[in-house]
Amino acid sequence: MKTVIFLGPKGTYSHQAAIQQFSHIDTINYQPASSIPECFSQLEQNPDISYAAVPLENSTNGQVVFSYDLLRDRMLDDSCVIKDHQIIPPLEVIGEQYVSITHCLISSQPDLSVNDLQNYKLVRVFSHPQVWGQVSQYMTNLKENCPNTKFETIDTSSTSGAVLKAIDYQSKEDSNNEILNLAIAGETASHLYNAHIVENSINDRLGNTTRFLILKKLNDKEYPLQPPNLSKLHVNLLMFTLELDDPGSLVDVLNVLKHYSLNMSSISSRPYNSGKNDRKWQYIFYIEYDSDPQDPKMTTFYKEINEKCVKWCLWGSFPRNQRYYQ
Ligand SMILES: O=C(O)C(=O)C[C@]1(C(=O)O)C=C[C@@H](O)C=C1
């Protein structure tokens with residue numbers, strides 16, 4: 001029985017991503033984690049955990065920086081194996097999943113309508129920090145419609161964790177109906193914890209989607225049966241650092257992609273420091289590009305990448321999920 005770990009408790013969008021990746025395999029166990037860092041550390045250190053599903057980016061508010069920084073920190077960790085400029089990470093990306101994010105305003109109280117909110121002195125709304133950027137217009141409208149109500153937004157470790165928090169707070173609150181505790185999460189979380197949907201599909205942008213990476217241990221040579229809806233094209237996630245103050249060094253790396261006719265599908269960066277006295281404003285770059293992993297030219301491609309980067313790390317070469325094109 002193999003186990004996949006995801007940001008829990010059950011009912012998160014991360015849980016949905018794990019289900020999408022592994023539901024065709026009936027011998028998979030789903031294990032919730034308390035944080036995204038725990039997903040990485042458990043996968044690395046716990047021999048009973050074979051896979052992890054972690055959020056990487058959202059179509060409305062961009063990078064899930066927790067995950068980008070965890071990939072960066074693992075790459076720059078001294079324990080990694082180094083071959084010339086290449087860093088061999090302890091984990092490998094083997095897949096991607098796209099989850100439709102349909103946020104709901106959720107309450108522990110049945111038959112509550114959104115118009116009832118104006119009757120409360122204080123409304124607390126719990127959710128994962130990534131969510132606020134996906135419902136900012138909705139929250140602004142809510143506050144405008146309840147001018148005499150104080151609103152508090154409270155970060156929780158996950159969306160389904162927010163539902164449990166709102167239920168717990170409401171059960172302890174005074175019963176004189178002055179304080180209301182709500183959550184923003186998916187419909188699954190509401191049903192799982194017997195809560196009630198006050199309003200459905202509240203994200204600012206319809207089609208809001210979060211992209212998840214599926215990871216395994218690098219030294220685990222067994223690949224799981226891939227889910228359906230995958231294209232033959234492979235995506236590669238590569239991270240690299242450059243010489244400081246070396247004009248054109250980034251262009252030199254991107255020119256290698258051009259020289260080998262490899263289409264780059266994304267580029268992003270995050271700050272990093274390689275030591276406590278290190279200069280500020282240094283960046284590590286993340287690029288993704290399409291390739292045919294069997295193509296013999298990839299060997300010389302990586303040789304040239306190795307020459308242009310101070311450090312570089314290939315996190316994985318994995319099938320493009322057809323949902324990318326929808
Ligand atoms: O809290 C969840 O449900 C998660 O799966 C985490 C997460 C995220 O970190 O971006 C995933 C998808 C949504 O964008 C909101 C939250």
Side-chain angles (χ1 to χ4, degrees), residues 4-23 30-43 51-73 93 95-106 125-139 153-168 182-193 195 197 199-215 266 268 270 286 321 323-324 326:
V4 54
I5 196 165
F6 59 91
L7 176 63
K10 294 191 172 179
T12 57
Y13 295 108
S14 295
H15 186 196
Q16 176 61 34
I19 291 168
Q20 287 178 201
Q21 178 72 23
F22 295 106
S23 59
Y30 295 84
Q31 180 172 319
S34 59
S35 70
I36 296 174
E38 186 189 331
C39 293
F40 276 88
S41 59
Q42 281 292 314
L43 177 59
Y51 311 112
V54 294
L56 187 71
E57 54 191 330
N58 174 266
S59 57
T60 301
N61 56 336
Q63 288 175 326
V64 178
V65 290
F66 305 99
S67 302
Y68 274 86
D69 289 354
L70 286 161
L71 290 169
R72 171 200 63 198
D73 297 345
V93 178
E96 61 175 358
Q97 283 297 335
Y98 295 85
V99 175
S100 300
I101 304 298
T102 306
H103 291 313
C104 305
L105 188 65
I106 294 164
V125 184
F126 296 86
S127 199
H128 184 278
Q130 279 293 321
V131 171
W132 306 125
Q134 300 164 17
V135 297
S136 54
Q137 191 52 58
Y138 175 80
M139 291 302 293
T153 52
I154 298 161
D155 288 352
T156 55
S157 60
S158 74
T159 55
S160 53
V163 176
L164 292 174
K165 267 272 192 297
I167 292 168
D168 179 52
L182 303 176
I184 295 179
E187 197 162 340
T188 306
S190 178
H191 295 314
L192 261 180
Y193 303 114
I197 292 174
E199 196 158 14
N200 208 322
S201 302
I202 64 171
N203 15 292
D204 296 339
R205 286 213 194 140
L206 292 183
N208 182 20
T209 302
T210 293
R211 178 180 179 220
F212 290 81
L213 296 182
I214 309 297
L215 297 107
S266 76
S268 53
R270 288 292 296 160
Y286 305 73
N321 188 310
R323 278 286 309 269
Y324 172 78
Q326 290 167 9

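Each ligand, and each atom within it, is numbered from 1 in the order the structure gives. Everything quoted here is computed from the prediction, not taken from an experiment.
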*Heavy-atom donor-acceptor pair, Tyr13 side chain to Gly186 backbone, under 3.5 Å*: yes
Quick one: table the atom pairs, ligand 1 N or O against protein N or O, below 3.5 Å, distance rounded to 0.1 Å.
residue, atom, partner, partner atom, Å
ligand 1, 1 (O), Thr159, N, 2.8
ligand 1, 1 (O), Thr159, OG1, 3.4
ligand 1, 3 (O), Tyr13, N, 2.9
ligand 1, 3 (O), Thr159, OG1, 2.5
ligand 1, 5 (O), Ser14, N, 2.9
ligand 1, 5 (O), Ser14, OG, 2.7
ligand 1, 14 (O), Gln134, NE2, 3.0
ligand 1, 14 (O), Thr210, OG1, 2.9

*Would you say the side chains of Gln326 and Tyr324 form a donor-acceptor pair under 3.5 Å?*
no
_Polar contact flag, side-chain donor to acceptor under 3.5 angstrom, Ser59-Arg211_ = no
*Does a donor on one side chain sit under 3.5 Å from an acceptor on the other, for Asp204 and Ser136?*
yes
*What are the two closest heavy atoms between Phe66 and Pro129, and how far apart are they?*
CZ-CG, 4.1 Å
*By side-chain contact (heavy atoms from CB on, under 4.5 Å), which residues pair with Gln20, not counting sequence neighbours?*
Gln16, Gln97, Val99
